[in-house]
S.K.: 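One structure coming up, written as structure tokens, with questions to follow.
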Amino acid sequence: MNHIERDVVVIGAGAAGLTAATRLKAAGRSVVVLEARDRIGGRLWTDHIEGQLFEIGGQWVSPDQTALIQTLDELGLETYSRFREGESVYIGTDGEAKRFTGDIFPASPETEAEIERLIAVLDELVEQTDPAAPWEHPRATEFDHVSFRAWLEQQSDDTEAVDNIALFIADAMITKPAHSFSLLQALLMAASAGSFSHLVDADFILDKRVVGGLQQVPLRLAEGLGDDVILSHPVTSLAWGADGVTAVAGDVSVSARHAVVAVPPNLYNRIDYVPALPRLRQQMAQHQSLGLVIKVHATYETPFWRAAGLSGTAFSPYQIVHEAYDNSNHGETRGTLVGFVSDEKADALFRLTADERKARILESLAAYYGPEALNPSVYYESDWAAEEWTQGAYAASFDLGGLTRYGALQLEPVGPVRFGTSDLAAEGYQHVDGAIRVGWRLADEILEEAGVNQTATTATATTEGDAA
Ligand code: FDA
């Protein structure tokens, strides 16, 4: 057994864990990062498939994501804009592909007006919602007890308008059916991006990409940490108490004053805590789960849709691929489309063979872009649900009522152990920006505790342990 002593042990080499480790190290603390996978980056993964560079995980940067933008600047990474010139495509209930410009889909005038009205209603509710504490909204309990879908149906009897508004949060963000999470969870999602309108505006939310890939963020952070990042070492046990922690990962054990568990909440229970976590913490993690989305890349010899006057942007709540974009890489002559298949549609596709699934997805792309979409040179499905150390995508959300029950608790430390990933973020929730903000927050909390009041950790542990 190789025994290491550090001030802080960080579990998980995703953007959150590496950001926390980098900040702690810069402040003079000794750190080590233990990572289960044989690669850096967690849900950020840029790779070549048949010679084509794909963003298998996260990729887009939006203007409100200032923590990510600051990090990109510090790491010397350049961005470029997503291709967006030309018309978008919408497929409504009639199954017909209609071209449009702007944000609002070309439905009947009544449905378009209804979509605008619902956006305004949601913007107002989002305005009242603090992403750092949505459970403090004066109507939080009521909003957390109604599903987003049921609430939308109470607001409007225009099914196409409801389907489209649901899409922006359910299919496109939380990647769970709109009947399975609460209105409050939907408000958190939108508040974390600044407004509901931001989620509707693809040019805002999917604005920029990083030249060479977004995984360079964690890769460069890890470079700065050198030998203090240890790959292929899943942490299996974490002993914690007044004197600190001991983490065990295969042939490595680390004793430290503090631990940062920077793994998504659905994986907390892959670690044996000694003693066990307080009962409410054990409960809490069972109410948080990841959504499910298949991210599909299809690369063609040319971006043929551009010649037809299309931007590549396409939406439909009624298609298997509910949204798709031009995802051609910076400086390439080939053209790449990226499409997304979410929640129950993904369940259905995973029941098919790989060939059948591919055929269904390409047919859906062809419905938007025409028959040329049926024959890509390179085709790839990101399958995060099959990844042992993630088990879904994009991120975690609470079930109905979970946010008001456990939202505040998830931010509290358990003695010397702190938990955090983008799944627990306020601004940038579910995004890399949020992962960075959480990394900063956890590092700052540890530094403050170490510098200001070393005994506070023990007091917190005792209080929570007793209460729970
Ligand atoms: P993350 O999950 O990345 O890191 C956790 C790490 O802990 C992993 O490396 C894991 O292997 C490790 N781990 C788990 N258990 C362990 C154990 N027991 N011991 C040791 N290590 C352990 N965001 C965005 O901003 N723009 C976008 O366009 C997208 N798009 C997108 C697409 C897809 C397909 C996905 C999957 C995700 C996105 N996202 C995104 C979300 C974004 O990628 C995500 O929010 C962050 O990368 C999460 O970073 P974290 O560090 O918080 O967790």
Side-chain angles (χ1 to χ4, degrees), residues 9-21 33-46 54-62 64-65 67-69 71 82 172-173 175 192-193 205-210 213-215 217-218 221-222 229-238 247-250 252 254 259-272 290-297 325 327 338 340-342 381-385 387-396 419-425 428-439 442:
V9 57
V10 175
I11 302 171
L18 292 167
T19 298
V33 182
L34 297 171
E35 167 56 45
R37 287 178 161 100
D38 62 0
R39 63 166 183 82
I40 300 287
R43 280 170 273 177
L44 293 178
W45 188 8
T46 311
F54 287 148
E55 290 281 33
I56 293 170
Q59 62 169 69
W60 278 299
V61 184
S62 59
D64 60 319
Q65 296 178 339
L68 173 56
I69 291 167
T71 303
R82 177 173 60 81
M173 287 285 156
T175 63
S192 74
I205 206 77
L206 312 178
D207 183 25
K208 296 239 182 322
R209 293 181 54 196
V210 170
L214 192 51
Q215 194 193 359
V217 167
L221 290 172
V229 181
I230 302 177
L231 297 180
S232 304
H233 276 74
V235 171
T236 49
S237 94
L238 185 64
V248 176
V252 171
V254 182
V260 171
V261 181
V263 316
N266 61 312
L267 298 181
Y268 290 168
N269 68 2
R270 295 294 301 268
I271 300 171
D272 284 334
L290 265 70
L292 174 63
V293 61
I294 312 172
K295 180 177 185 181
V296 180
H297 278 102
Y325 304 93
N327 209 30
V338 66
F340 297 88
V341 183
S342 273
E381 295 167 8
S382 301
D383 181 6
W384 286 89
E387 290 271 323
E388 180 181 7
W389 299 108
T390 303
Q391 301 188 9
Y394 308 107
F419 297 83
T421 46
S422 69
D423 313 87
L424 274 53
Y429 169 55
Q430 298 212 354
H431 287 80
V432 182
D433 180 74
I436 291 168
R437 289 174 195 273
V438 167
L442 296 179

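Small disclaimer: the values here were computed from a predicted structure and weren't measured. In each ligand, atom 1 is the first atom listed, and ligand 1 is the first ligand listed.
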S.K.: Measure the spacing between CG of Leu231 and CD1 of Ile40 and express it to the nearest 0.5 Å.
M.R.: 4.5 Å
S.K.: Pick, from Lys295, His233, Arg209, Arg37, the option with the minimum heavy-atom distance to atom 10 (C) of ligand 1.
M.R.: Arg37
S.K.: Does ligand 1 come near enough to Thr421 that some N or O of the ligand is less than 3.5 Å from an N or O of the residue?
M.R.: no
S.K.: Taking only residues two or more places apart in sequence or in another chain, which ones pass salt bridge (charged side-chain N to carboxylate O under 4.0 Å, His left out) with Arg82?
M.R.: Asp203
S.K.: Indicate yes or no: at least one non-hydrogen side-chain atom of Ile205 is less than 4.5 angstrom from one of Met173.
M.R.: yes
S.K.: Okay, side chain of Thr175, backbone of Leu292: is any donor-acceptor separation there less than 3.5 Å?
M.R.: yes
S.K.: May I ask you to check whether Gln430 has an N/O atom sitting below 3.5 Å from an N/O atom of ligand 1?
M.R.: yes
S.K.: Given Tyr429, Trp389, Phe340, Trp60, identify the one with the heavy atom nearest to atom 28 (O) of ligand 1.
M.R.: Trp60
S.K.: If you measure every N/O of Ser422 against every N/O of ligand 1, is any gap under 3.5 Å?
M.R.: yes
S.K.: Nearest to atom 13 (N) of ligand 1, what protein heavy atom do you find, and at what distance?
M.R.: Val263 CG1, 3.6 Å
S.K.: If you measure from each non-hydrogen atom of Leu34 to ligand 1, which part falls under 4.0 Å: side chain, backbone, both or neither?
M.R.: backbone
S.K.: Does any N or O in the side chain of Gln215 come within less than 3.5 Å of the main-chain N or O of Gly41, such that one atom is a donor and the other an acceptor?
M.R.: no
S.K.: Between Glu387 (side chain) and Trp389 (backbone), is there a donor-acceptor pair under 3.5 Å?
M.R.: no
S.K.: Answer yes or no: is there a side-chain heavy-atom contact under 4.5 Å between Leu214 and Leu68?
M.R.: yes
S.K.: How long is the gap from CG on Leu44 to CD on Glu55, to the nearest 0.5 Å?
M.R.: 8.0 Å
S.K.: Ignoring hydrogens and angles, tell me if any N or O in the side chain of Ser382 forms a donor-acceptor pair with the backbone of Ile56 under 3.5 Å.
M.R.: yes
S.K.: Looking only at distances, please establish whether an N/O atom of ligand 1 is found under 3.5 Å from an N/O atom of Ile56.
M.R.: no
S.K.: How far is atom 3 (O) of ligand 1 from its nearest protein heavy atom, and which residue and atom is that?
M.R.: Arg43 N, 2.8 Å
S.K.: For Tyr394, is there any backbone N or O sitting under 3.5 Å from a side-chain donor or acceptor partner on Arg43?
M.R.: yes
S.K.: Closer than 4.0 angstrom: is that true for some heavy atom of Gly41 and an atom of ligand 1?
M.R.: yes
S.K.: At a 4.0 Å threshold, what atoms of ligand 1 neighbour a non-hydrogen atom of Ala393?
M.R.: 36 (C)
S.K.: Can you tell me which residue and heavy atom of the protein come closest to atom 33 (C) of ligand 1, and the distance to 0.1 Å?
M.R.: Tyr394 CD2, 3.3 Å
S.K.: Taking the non-hydrogen atoms of Pro234, is any one of them nearer than 4.0 angstrom to ligand 1?
M.R.: yes
S.K.: Between Glu388 and Pro234, is any pair of side-chain heavy atoms under 4.5 Å apart?
M.R.: no
S.K.: Between Ala262, Ala249, Gly12, Gly42, flag the one that comes closest to atom 5 (C) of ligand 1 by a heavy atom.
M.R.: Ala262
S.K.: Once the angle between the rings of Trp60 and Phe340 is folded into 0 to 90°, is it parallel (under 30°), tilted (30 to 60°) or perpendicular (over 60°)?
M.R.: tilted
S.K.: Could you list the atoms of ligand 1 found under 4.0 angstrom from a heavy atom of Ile11?
M.R.: 17 (C), 19 (N), 20 (C)
S.K.: Looking only at N/O atoms, are Ala15 and ligand 1 under 3.5 Å apart anywhere?
M.R.: yes
S.K.: Mind checking whether Thr390 has a heavy atom under 4.0 Å from ligand 1?
M.R.: no
S.K.: Enter the distance from Ser232:OG to Arg37:CZ here, rounded to the nearest 0.5 Å.
M.R.: 11.0 Å
S.K.: Could you find the nearest protein heavy atom to atom 49 (O) of ligand 1 and give me its residue, atom name and distance?
M.R.: Ala435 CB, 3.7 Å
S.K.: Specify the protein heavy atom at minimum distance from atom 27 (C) of ligand 1: its residue, its atom name, and the distance to 0.1 Å.
M.R.: Gln59 N, 3.3 Å
S.K.: Do any N or O atoms from the side chain of Glu381 and from the backbone of Lys295 form a donor-acceptor pair under 3.5 angstrom?
M.R.: no
S.K.: Does ligand 1 come near enough to Val432 that some N or O of the ligand is less than 3.5 Å from an N or O of the residue?
M.R.: yes
S.K.: Side chains of Val432 and Gln65: does their closest heavy-atom pair fall under 4.5 Å?
M.R.: no
S.K.: Got an N/O contact under 3.5 Å between Asp433 and ligand 1?
M.R.: no
S.K.: Considering both backbone and side-chain atoms of Leu44, is one of its nitrogen or oxygen atoms within less than 3.5 Å of a nitrogen or oxygen in ligand 1?
M.R.: no
S.K.: Look at ligand 1 and say whether Glu35 reaches it with a heavy atom at a distance under 4.0 Å.
M.R.: yes
S.K.: What is the closest protein heavy atom to atom 18 (N) of ligand 1, and at what distance does it sit?
M.R.: Val235 O, 3.2 Å
S.K.: Do me a favour and list the nearest non-hydrogen protein atom to atom 24 (C) of ligand 1 with residue, atom name and distance?
M.R.: His431 CD2, 3.4 Å
S.K.: Can you name the closest pair of heavy atoms from Leu290 and Thr390 and give their distance?
M.R.: CD2-O, 3.5 Å
S.K.: With heavy atoms under 4.0 Å as the rule, classify the contact between Arg270 and ligand 1 as side chain, backbone, both or neither.
M.R.: neither
S.K.: Quick check on contacts: which atoms of ligand 1 are under 4.0 angstrom from a heavy atom of Trp384?
M.R.: 34 (C), 36 (C)
S.K.: Is a side-chain N or O of Asp423 found less than 3.5 angstrom from the main chain of Ala395, in a donor-acceptor match?
M.R.: no
S.K.: For atom 30 (N) of ligand 1, grab the closest protein heavy atom and report residue, atom and distance to one decimal in Å.
M.R.: Gly58 CA, 3.2 Å
S.K.: Evaluate Ala16 for polar contact with ligand 1, using N/O atom pairs at a separation under 3.5 Å.
M.R.: yes
